[in-house]
There are 4 protein chains.
Amino acid sequence: MRSDAPGRAPGRDPRAGAELPVQARLLAVASSLFAERGFAQTSVQDIVERAGVTKGAMYHYYSAKDDLLQEIYTRLLDLQSRRLAGIADGGGPAAERLRAAAADVVVTTLDHLDDAVVSMRSMHMLPESRQAAVRSGRRRYHERFRALVEEGQQAGELRPEVSADLVVHQFFGGVHHLGTWYRPDGELRPEEIGRTFADLLLRGLAIG
Amino acid sequence: MRSDAPGRAPGRDPRAGAELPVQARLLAVASSLFAERGFAQTSVQDIVERAGVTKGAMYHYYSAKDDLLQEIYTRLLDLQSRRLAGIADGGGPAAERLRAAAADVVVTTLDHLDDAVVSMRSMHMLPESRQAAVRSGRRRYHERFRALVEEGQQAGELRPEVSADLVVHQFFGGVHHLGTWYRPDGELRPEEIGRTFADLLLRGLAIG
Amino acid sequence: MRSDAPGRAPGRDPRAGAELPVQARLLAVASSLFAERGFAQTSVQDIVERAGVTKGAMYHYYSAKDDLLQEIYTRLLDLQSRRLAGIADGGGPAAERLRAAAADVVVTTLDHLDDAVVSMRSMHMLPESRQAAVRSGRRRYHERFRALVEEGQQAGELRPEVSADLVVHQFFGGVHHLGTWYRPDGELRPEEIGRTFADLLLRGLAIG
Amino acid sequence: MRSDAPGRAPGRDPRAGAELPVQARLLAVASSLFAERGFAQTSVQDIVERAGVTKGAMYHYYSAKDDLLQEIYTRLLDLQSRRLAGIADGGGPAAERLRAAAADVVVTTLDHLDDAVVSMRSMHMLPESRQAAVRSGRRRYHERFRALVEEGQQAGELRPEVSADLVVHQFFGGVHHLGTWYRPDGELRPEEIGRTFADLLLRGLAIG
DNA sequence: AATGAATGAGATTTCATTCAT
DNA sequence: TATGAATGAAATCTCATTCAT
């Protein structure tokens, strides 16, 4: 996906041989391949071939194919959690913080589209044991976002009668769906999409 | 998921032995298992075991495991396409037809949640050759929905400056996301969710 | 080992192609190879090659390589348990039943030397979970044998001051050791070895 | 096994960090692990981890994993050969030297139970090339022991009609079997077991 | 004397699919 | 209409060993 975009910054092509240290290169390649063909359809062989190392090297750094998936997932979730915290815990009216957070998660998602696609599509391929950690992280993220909506409702800035939970689910559905249709070489810029999504969300919650 | 709900109409338990003819039973079982564990994690053996037949029987009705997936997908898409046509081609203001269509697709999705979950999660597991048909169907559906939005915009019922494409993508993201959080034994009824989603959509597009 | 003996009954060469049904053939081949090179040194590939089938066939009948080992072990233990019961539960002086049982287990072991070698050498390669069943069977066997010694001691036929447990351990050590030195084409016949072993055992326990 | 016994002399815990020089520590750890889980089930990684060094260090001292096994084997066999020579070449009636040698090998075996267990269980894991040396050592040991029996028979101290070879095989079977049942924290002391084993052996060979 | 990243060969196992019956 | 034994290809993972430092 994104890796096919023209004009990418140099040194970020996961197909290349040696710009990144082996460990990071493996992760980049894995993310790109998982996004492209799916986790189950990507063999360890595929990954190491494109990364230009051997299987042994991969298992030196990651103890299982699952590890790569979890790492990808965690990396993105951590990033987004940090950004959300930074915005939500800032100052100003809750509604405006919500708008900023909504636009930001869209942009961040589009900036890490491979990771995002992998996260939403392939997380359920992890064994139950590993899903637990991942799910609780995702839940915390959702909770923080919902709390922001509720804060706005309690402050009288947003319509109180609509279920914050439902709104947040609906909104994040749209975010998760981005990978299905967004093309980096299309007309729409991430910021524009972020603004529109945030606008739709806020209008849905607006009073009057 | 839904198929495990208590109080279900008799004859719909895919685990049972003989209420449905073998062919339909296989499809029901497959949908249930694919939704539960994912396509790749479900073996043909799993399917025929739960359906109470042997592999030979399955290959008598379906020429490949992929067939089951495509069938599930097509079945749901056809149903939703028919319903959308019925609503969108009806009379009345475009905005009201849009509201009805939006609410309806939510309810229909929740009523066939296994199929829906499978469709969004596992479609990309089909080989490219089979994905073409599926994708074009999905695109036609999206187009029809978008046309309805644009009709409302041209009629002056909806805000014209927002990208109909973007709105529709955002909305269907929410619909596809339903499978990740909706629980049939939770508090929210499908109709209520449909109404809320439709309401959020319409407010996002409302004038003024 | 035994499978190299000249004059073996026809149709028992596990290397041959089709005298036995596939399942039994796999077990025979496995026993022969495990005895020859050890469990860990024998690959599934080795087994199926010599049995003239494919790996898939093996996994159709045995769910794991471990299964073969356990089957070999159980098969021999069951046989020996039955024979011991038949002799020990018979009539006559305990000392004479002990002599018969001792001679018999030697002969039986030599008659199934591959299985016996595998059992003593490779049992500890089973995962703990599988070893439990196997161990309890082996313990029951040991107990029955020891009870026979104690019966003779209580009847005044055998020296009472020597630990029955120790004697039985010592004796079965000798039996388990047979695989290390016995050659079917050597001078000693199984019956002769059995008689001698039983004689040594009885003299060790004799009164006076 | 023994290495876990409480009250052990200080500096013999193979798990500890630095009481022994690295080379000796590696051997002690290897013996303990091989005895516990078997040679094939113990990875070089396991060994160096427990010894607190890295793989490079191990390969500095031992050129292969096999080396460790052979070293363990040789160490024990050399020890027992020396002791046997000391006893068998001493003075007094052959029968009494035999009794002493028999009791001694039992005690020595129990005092080095890890090594003993490894030796009997895992020797056949060595490649053929390395087994030759080991086997010839073992054979020499067996010969010396058998010669002692024959000496007693020729001197008229022991029954001449029983095969010395067979008796020795039977006896050493019992010795090798010790590792399967002996527990250092059980009731029986090594010396007592040695006495009993020697007694059984001598009674089996006694005249009259 | 020791490190630890990397190799490369091989191991077990899974599974969709076929085919004779 | 259905069986189930058998295939064969591919997948994940393990591990003893090497080598530049």
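The chains referred to below are lettered A, B, ... by the order of the sequence lines, with proteins before strands, and numbering in each begins at 1.
With dT3(F), dT1(F), dA2(E) as the candidates, the nucleotide lying closest to the side chain of Tyr61(D) is dA2(E).
Looking only at distances, a side-chain donor or acceptor of Ser136(C) sits under 3.5 Å from a matching main-chain atom of Ala133(C). Looking at Tyr62(A), its side chain does come within 3.5 Å of a backbone N or O of Gln23(A) through a donor-acceptor pair. Of the possible polar contacts, one joining the Arg25(C) side chain to the Leu20(C) backbone as a donor-acceptor pair under 3.5 Å is found. Judged by distance alone, with hydrogens and angles left aside, the side-chain atoms of Asp46(A) form a donor-acceptor pair with the main-chain N or O of Ser43(A) at under 3.5 Å.
Here the CG atom belonging to Leu126(A) is positioned 9.5 Å from the CZ atom belonging to Arg135(A), to the nearest 0.5 angstrom. Put simply, CZ on Arg50(D) and OG on Ser32(D) are 4.5 Å apart, with the number rounded to the nearest 0.5 Å.
Across the protein-nucleic acid pair, Leu26(D) atom CG and dA1(E) atom C1' stand 13 Å apart, rounded to whole Å. Per the geometry, CD belonging to Gln23(A) stands 15 Å off P belonging to dG4(E), to the nearest Å. In this structure, Leu69(C) atom CG and dA11(E) atom P are separated by 18 Å, rounded to whole Å. Rounded to an integer number of Å, the gap from CD1 of Ile47(B) to P of dT14(E) is 17 Å. Taking atom CD of Glu49(B) as the reference point, atom C1' of dT3(F) lies 15 Å away to the nearest angstrom.
In the helix from dA2(E)-dT21(F) to dT21(E)-dA2(F), the terminal helix axes, each the rotation mapping four pairs' C1' atoms onto the next four within five end pairs, subtend 10°, rounded to 10°.
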So if I define the base as every atom that isn't primed, P, OP1 or OP2, how would nucleotides 11-21 of chain F read as a B/S/- string at a heavy-atom cutoff under 4.0 Å? SBBB-SBB---
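Proximity of His60(D) to the phosphate of dA2(E): no side-chain N or O atom is located under 4.0 Å from OP1 or OP2.
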side-chain contact (heavy atoms from CB on, under 4.5 Å) between Ile47(A) and Phe34(A), worked out: CA-CA 9 Å; Ile47(A) 297 171; Phe34(A) 291 166; 3.8 Å; yes
Show your working on side-chain contact (heavy atoms from CB on, under 4.5 Å) between His60(C) and Val22(C) and close with a plain yes or no. CA-CA 10 Å; His60(C) 182 68; Val22(C) 171; over 6 Å; no
